[in-house]
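Whatever order the structure lists ligands and atoms in, that order sets their numbers, starting from 1. This one's a predicted model, so the numbers in the text were calculated from it and none came from an experiment.
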Amino acid sequence: MAREYFSARRVLVTGGAGFVGSHLIDRLIAAGDEVLCVDNLFTGAKANIAHLLGHPRFEFLRHDVCLRLFVEVEAIFNLACPASPIHYQHDPVQTTKVSVIGSINMLGLAKRIKVPILQASTSEVYGDPTQHPQTEGYWGNVNPIGLRSCYDEGKRCAETLFFDYHRQHGIDIKVARIFNTYGPRMHPSDGRVVSNFVMQALRGEDITIFGDGSQTRSFCYVDDLVEGLLRLMSSREGFTGPVNIGNPVEFTIRELAELVIEMTGARSKLVQRPLPSDDPTQRKPDISLARAELDWEPSIALREGLVKTIDYFRQLAN
Ligand code: NAD
Ligand code: UDP
């Protein structure tokens, strides 16, 4: 039986001032929930939640999840962690700490107050995958000592912690493996491919393709992701995941660049830059499990999502 989720509850969202977290909070507030947003504003911004400040069912607490937190809530979404390669490589030790110590603290909280907790994991747990598309049963191909390892291995360790807390302490866990997501409120200089290409196109700058642009990604619009996260939190008792949440339509990075140029009407040229180390060559989720368990699949095509994203970045630039 699916748990009734859309009833007013007090929900904690860590990383709630970030790109995904702020959209998730919008949906929770719209559904009648009371939301406590905990964020240290490392990569998030007050601007993402400015429209909620003063709302009677919204509260913001500036706090680092690496420190313990004592609050009373009825569900936890654990999203706190820098997500773009530039941001998570800026202070790699802190990145591992957020995933590991932050997860221990949030799992400890879930254990004390006996509430479900959802972890925002990532397709990066598959590393540079040798299986394509990736199913949840694939264990991954991850470099443990590279530049991306602080994020990849941190998130893998967080998954381990979630499953050990589940087996050892009976915590109700839900683990989402999120694939590349884009949309309004992405940080314009976070270095991620969608924000980079759109900003470069809008400024009339060259579009920087890392490597030859033949590497692939599958891009999920943020509203689709948020719907998946909400369905996962409401999924039947005992369903833990991990479950892939992403858009299975795959594009090369060169195709994305050409689409952005076409849609913005920019005159930008494509220029090649060196491929960062350990950059995955292909990525595409198998979402059979999400379809079966959550009755979820993305509904927003890349072109449609890019219209809204380009509009957002255009407004920022003005
Ligand atoms: P984001 O950087 O916009 O948001 C992360 C938020 O966490 C920010 O508001 C940041 O300030 C906050 N944060 C970081 N360290 C913290 C700490 N120690 N204590 C409290 N808050 C802290 O990134 P996002 O794209 O919104 O990602 C949200 C979550 O989803 C992350 O856990 C990320 O790993 C995961 N994820 C995102 C994607 C994607 O494509 N966006 C893909 C896979 C996984
Ligand atoms: N990328 C690119 N140009 C950029 C930024 C990124 O070609 O200006 C490439 C990057 O090398 C990777 C892909 O786009 O192959 C997706 O990069 P992103 O940082 O968005 O996410 P991730 O690598 O974590 O999937």
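Note: L294 CG to K174 NZ = 8.5 Å, rounded to the nearest 0.5 Å.
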- Task: List the steps and the verdict of side chain to side chain donor-acceptor pair (under 3.5 Å) for D278 and N143.
- Result: CA-CA 8 Å; D278 297 330; N143 176 357; 2.9 Å; yes
List ligand 1's nitrogen or oxygen atoms that come under 3.5 Å of a protein nitrogen or oxygen, with the partner atom and distance.
unit_1: ligand 1; atom_1: 2 (O); unit_2: T43; atom_2: OG1; d: 2.6
unit_1: ligand 1; atom_1: 3 (O); unit_2: F19; atom_2: N; d: 2.9
unit_1: ligand 1; atom_1: 7 (O); unit_2: C81; atom_2: N; d: 3.4
unit_1: ligand 1; atom_1: 9 (O); unit_2: G18; atom_2: N; d: 3.0
unit_1: ligand 1; atom_1: 9 (O); unit_2: D39; atom_2: OD1; d: 3.2
unit_1: ligand 1; atom_1: 9 (O); unit_2: D39; atom_2: OD2; d: 2.5
unit_1: ligand 1; atom_1: 9 (O); unit_2: G44; atom_2: N; d: 3.2
unit_1: ligand 1; atom_1: 11 (O); unit_2: D39; atom_2: OD1; d: 2.6
unit_1: ligand 1; atom_1: 11 (O); unit_2: F42; atom_2: N; d: 2.9
unit_1: ligand 1; atom_1: 11 (O); unit_2: T43; atom_2: N; d: 3.0
unit_1: ligand 1; atom_1: 11 (O); unit_2: G44; atom_2: N; d: 3.0
unit_1: ligand 1; atom_1: 13 (N); unit_2: N40; atom_2: OD1; d: 3.4
unit_1: ligand 1; atom_1: 18 (N); unit_2: N40; atom_2: ND2; d: 3.4
unit_1: ligand 1; atom_1: 18 (N); unit_2: D64; atom_2: OD1; d: 2.8
unit_1: ligand 1; atom_1: 19 (N); unit_2: V65; atom_2: N; d: 3.0
unit_1: ligand 1; atom_1: 21 (N); unit_2: N40; atom_2: N; d: 3.2
unit_1: ligand 1; atom_1: 21 (N); unit_2: N40; atom_2: OD1; d: 3.4
unit_1: ligand 1; atom_1: 25 (O); unit_2: R192; atom_2: NH1; d: 3.1
unit_1: ligand 1; atom_1: 25 (O); unit_2: R192; atom_2: NH2; d: 3.1
unit_1: ligand 1; atom_1: 26 (O); unit_2: F19; atom_2: N; d: 3.3
unit_1: ligand 1; atom_1: 26 (O); unit_2: V20; atom_2: N; d: 2.8
unit_1: ligand 1; atom_1: 32 (O); unit_2: L79; atom_2: O; d: 2.8
unit_1: ligand 1; atom_1: 32 (O); unit_2: K155; atom_2: NZ; d: 2.8
unit_1: ligand 1; atom_1: 34 (O); unit_2: Y151; atom_2: OH; d: 2.6
unit_1: ligand 1; atom_1: 34 (O); unit_2: K155; atom_2: NZ; d: 2.9
unit_1: ligand 1; atom_1: 40 (O); unit_2: T181; atom_2: N; d: 2.8
unit_1: ligand 1; atom_1: 41 (N); unit_2: R192; atom_2: NH1; d: 2.9

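Between K269 and E205 no salt bridge is recorded (no basic side-chain N to carboxylate O distance below 4.0 Å). Under the 4.0 Å criterion applied to side-chain N and carboxylate O atoms, E124 and R283 are assigned as salt-bridge partners.
Annotation: ring-ring contact (aromatic ring centres under 6.0 Å, His included) contacts of H63 (sequence neighbours excluded): none.
In this structure, the side chain of Q134 does not engage the main chain of D286 through any donor-acceptor pair within 3.5 Å. In terms of modelled atom types and a separation under 3.5 Å, the side chain of R10 and the main chain of E34 share no donor-acceptor contact.
Within the structure, the salt bridge (Lys or Arg N to Asp or Glu O under 4.0 Å) test picks out the following pairs touching residues 153-167 (sequence neighbours left out): E153-R156, E159-R177, D164-R167.
Using modelled atom types and a 3.5 Å distance limit, the side chains of S195 and Y182 yield no donor-acceptor pair.
Residues lining ligand 2 at a heavy-atom distance below 4.0 Å are given as P85, E124, R148, N180, G191, R192, V193, N196, F197, T208, I209, F210, Q215, R217, I253, P276, D279, R283, ordered by chain and residue number.
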